[in-house]
Every structure is written in C-alpha cells, then in structure tokens.
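Notes to accompany the following structure.
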Amino acid sequence: MTVCSIRDATLEDADALTALINSIILIGGTTTHLVHFDAEQMRNTYVKPILGISCLIAEIKGHITGFQSLEWSDPEWRGEDRIALDWAFIAIFVAPDNHGKGIGKLLFEQTKKRALYFGVNTIDATIRADNQAGLRYYTRLGFTDYDRMSARPLSDGTLVDQIRKKMHLFS
C-alpha cells in the first residue's frame, strides 16, 4: 500500500481536483460524467455541495492522487429512484496512474468514519455496469448489489446500465 495522507478538501483544491476528474473523463468508461468540469462546478458538486457530508483528498508527497465525496440523499428529489433520507451517496476518483495502490481503501476508511459520525445509515454507490474496476472496488469494501438501472442515458445520449450497491452502517 502506498503511503499517502488523507485530508479534508478545501475550496482552494478545486483547480487540482478539476484537473484530476477531467483526466478521468478524458479516458472515458468509468464515470457517468462526460463533460469536463471547471473549478466552480467542482466546488459545487464535490467539494462543498449543499448536501455534502465530506470530501476527502488523498495526497502523496503533496500531490493530489484522489478524492472521495459523501453527500446526503436529497429530500426534495421526487424521482423514481428516491431513497431514504438517512442514506448518502458516495463517489470516488483516483488518478489513473495511482490505481491499485490502496488509495481508495484509505479514503473509504476515513469517509466511513465521517458517515458514522454524522449518522448515515446506508451508503449508496451507483456505478456504471461496464466499470469492472469500480464494481470490484466497492464489493471489496463490503458493498452489496441491490438494484440495476437499465439503459440510463449519459449526457451524450449513450445508454449504459448502472449497478447500485449499498453498505448498511447501522442495523
């Protein structure tokens, strides 16, 4: 496992996080995001969203190698996939050249502590069905499948299935 430090994201990290997520979007195939982010969108979507619980950064020698966000389910959302208010959504992005080094596991250990502290009952991870590495990552952490959403359109109209995984933190 790579030695890295985990810390809270700040608004000043938005440019570096934007560069990281845009490099992942450019490669394609692992995220539902297809359009590149700008720093303002990064701040509003992941660093300090309205329903945000935490956004943690992994660094190796001062270089950001990944981040993980956790956000409450939206009480105003009335869509068909609405979930309970004590659930939270998780997302992770690790720089492609740092995959397989244990960074995701370290981020999740700290994210889980935050979730427990704030009383999150269940964490939802929704992953593209064709993202085998992402599916394996969440399974290894202990997430279990609970739903499959078929033919979800990406922003360019491409249809992809998504697997929904969950982890209950409290019984």
Side-chain angles (χ1 to χ4, degrees), residues 1-10 12-39 41-43 45-47 49 52-71 87-117 120 122-149 152 154-156 158 160-169:
M1 186 178 300
T2 301
V3 176
C4 70
S5 61
I6 307 296
R7 66 172 176 83
D8 287 308
T10 67
E12 291 74 31
D13 293 314
D15 288 333
L17 297 177
T18 299
L20 190 152
I21 199 170
N22 286 342
S23 72
I24 295 168
I25 292 169
L26 184 64
I27 293 168
T30 61
T31 178
T32 59
H33 298 299
L34 298 179
V35 177
H36 283 234
F37 275 59
D38 61 30
Q41 183 182 10
M42 176 56 66
R43 285 187 282 272
T45 304
Y46 290 113
V47 179
I53 298 169
S54 72
C55 184
L56 299 174
I57 289 176
E59 289 182 315
I60 298 174
K61 298 180 183 177
H63 177 72
I64 294 175
T65 57
F67 69 97
Q68 187 166 64
S69 69
L70 188 65
E71 183 175 359
W87 282 41
F89 295 104
I90 194 168
I92 186 167
F93 301 92
V94 174
D97 60 341
N98 283 285
H99 287 182
K101 296 181 179 178
I103 293 168
K105 182 178 179 186
L106 290 173
L107 281 165
F108 184 69
E109 288 169 359
Q110 296 305 311
T111 297
K112 186 176 177 183
K113 287 179 185 177
R114 298 285 174 90
L116 289 165
Y117 177 82
V120 172
T122 304
I123 301 174
D124 171 288
T126 301
I127 307 109
R128 285 174 56 152
D130 59 349
N131 180 355
Q132 294 303 310
L135 293 168
R136 281 191 307 273
Y137 165 73
Y138 285 108
T139 298
R140 274 188 254 128
L141 293 175
F143 283 74
T144 58
D145 294 5
Y146 77 95
D147 192 16
R148 183 180 188 103
M149 299 183 300
R152 294 298 191 155
L154 299 176
S155 60
D156 68 352
T158 302
V160 298
D161 287 0
Q162 294 178 336
I163 306 295
R164 297 182 80 180
K165 292 180 163 289
K166 66 183 175 182
M167 175 185 277
H168 291 295
L169 301 178

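Between Ile123 and Phe143, the shortest heavy-atom distance links the atoms O-CE2, 3.5 Å. Closest approach of Cys55 and Phe67 over heavy atoms only: SG-CD1, 4.0 Å. Looking at every heavy atom in both residues, Asp38 comes nearest to Gln41 through OD1-N, 2.7 Å. Contact between Leu56 and Arg114 at its shortest, heavy atoms only, is CD2-NH1, 3.6 Å. Closest approach of Leu107 and Gly66 over heavy atoms only: CD1-C, 4.1 Å. Closest approach of Ile163 and Arg148 over heavy atoms only: CD1-NH1, 3.0 Å.
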Working for side-chain contact (heavy atoms from CB on, under 4.5 Å), residues Ile90 and Met167: CA-CA 11 Å; Ile90 194 168; Met167 175 185 277; over 6 Å; no

side-chain contact (heavy atoms from CB on, under 4.5 Å) between Arg7 and Ile64, worked out: CA-CA 10 Å; Arg7 66 172 176 83; Ile64 294 175; 4.2 Å; yes

From CA spacing to verdict: side-chain contact (heavy atoms from CB on, under 4.5 Å), Asp161, Met149: CA-CA 6 Å; Asp161 287 0; Met149 299 183 300; over 6 Å; no

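Taken from CG in Asn98 to CD1 in Ile60, the straight-line distance is 5.0 Å, to the nearest 0.5 Å. Atom CZ of residue Arg43 and atom OG1 of residue Thr10 lie 10.0 Å apart, to the nearest 0.5 angstrom. How far NZ of Lys112 is from CG of Leu141: 9.0 Å, rounded to the nearest 0.5 Å. How far CZ of Phe108 is from CZ of Arg140: 13.0 Å, rounded to the nearest 0.5 Å. For the atom pair CD1 of Ile57 and CD of Gln68, the computed distance is 12.0 Å after rounding to the nearest 0.5 Å. Expressed to the nearest 0.5 Å, how far OG1 of Thr111 lies from CD1 of Ile6 amounts to 8.0 Å.
In this structure a side-chain-to-backbone donor-acceptor pair under 3.5 Å is present from His99 to Val94. Side chain of Glu12 to main chain of Ala9: no donor-acceptor pair is present (N/O by atom type, distance under 3.5 Å, no hydrogens or angles). Here the side chain of Asp124 pairs no donor or acceptor atom with the backbone of Phe89 at under 3.5 angstrom. For Thr65 (side chain) and Ala58 (main-chain N/O), a donor-acceptor pair under 3.5 Å exists by modelled atom type. Judged by distance alone, with hydrogens and angles left aside, the side-chain atoms of Asn22 form a donor-acceptor pair with the main-chain N or O of Thr18 at under 3.5 Å. Without hydrogens or angle criteria, Tyr138 side chain to Lys165 main chain gives no donor-acceptor distance under 3.5 Å.
Aromatic ring centres of Tyr46 and Phe93: separated by under 6.0 Å.
Annotation: side chain of Thr32 is in contact with side chain of Gln162 (closest heavy-atom distance under 4.5 Å). Val47 places none of its side-chain heavy atoms less than 4.5 Å from the side chain of Asp13. When side chains are defined from C-beta on, Ile53 does not count as touching Tyr117, because their heavy atoms never get closer than 4.5 Å. A heavy-atom distance below 4.5 Å is not found between the side chains of Arg152 and Thr126. Considering only heavy atoms from C-beta on, His168 comes within 4.5 Å of Trp87 through its side chain.
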